[in-house]
Amino acid sequence: MPIYSYRCSSCGNSYDAMKSFSEADEDDICPICGKTAKRQFSDPAAVIYKGSGYYCTDNKHDSGCCCGSCKGGK
């Protein structure tokens, strides 16, 4: 079961709760004050693939790139 983050609008308490997918859209009850807590949404982490196994066009190269096939190549 996934873990969701919640924040209470009354006391400001932030906490995580493990809920099923069907329960995820519902508001939760704050364990501190007992009032309604809303689910928090976070931005996904940005992933940058670097290394010799990726194409030059997959990641922006700097001017010191030496791969030869991108615009920054020498």
When every non-hydrogen atom of Y6 is compared with those of K19, the smallest separation belongs to OH-CD, 3.3 Å
Does either side chain, that of D28 or that of Y15, offer a donor lying less than 3.5 Å from an acceptor on the other one? yes
Please check if atom CE in M18 has more than 12 non-hydrogen atoms from other residues, nucleotides or ligands closer than 6.0 Å. no
Shortest non-hydrogen contact from R7 toward G12: NH1-O, 3.2 Å
When rounded to the nearest 0.5 angstrom, what is the spacing between OH in Y4 and CD in E23? 9.5 Å
Return yes if a side-chain donor-acceptor contact under 3.5 Å exists between S5 and D16, otherwise no. yes
What is the minimum heavy-atom distance between C30 and A37, and which atoms define it? N-CB, 4.3 Å
Heavy-atom distance under 4.5 Å between the side chains of N13 and C33, does that happen here? no
Spacing of SG belonging to C8 relative to NZ belonging to K35, to within rounding of 0.5 Å: 8.0 Å
With salt bridge (charged side-chain N to carboxylate O under 4.0 Å, His left out) as the test, would you mind laying out the steps for D27 and R39 before giving the verdict? CA-CA 7 Å; D27 291 339; R39 185 171 153 205; over 6 Å; no
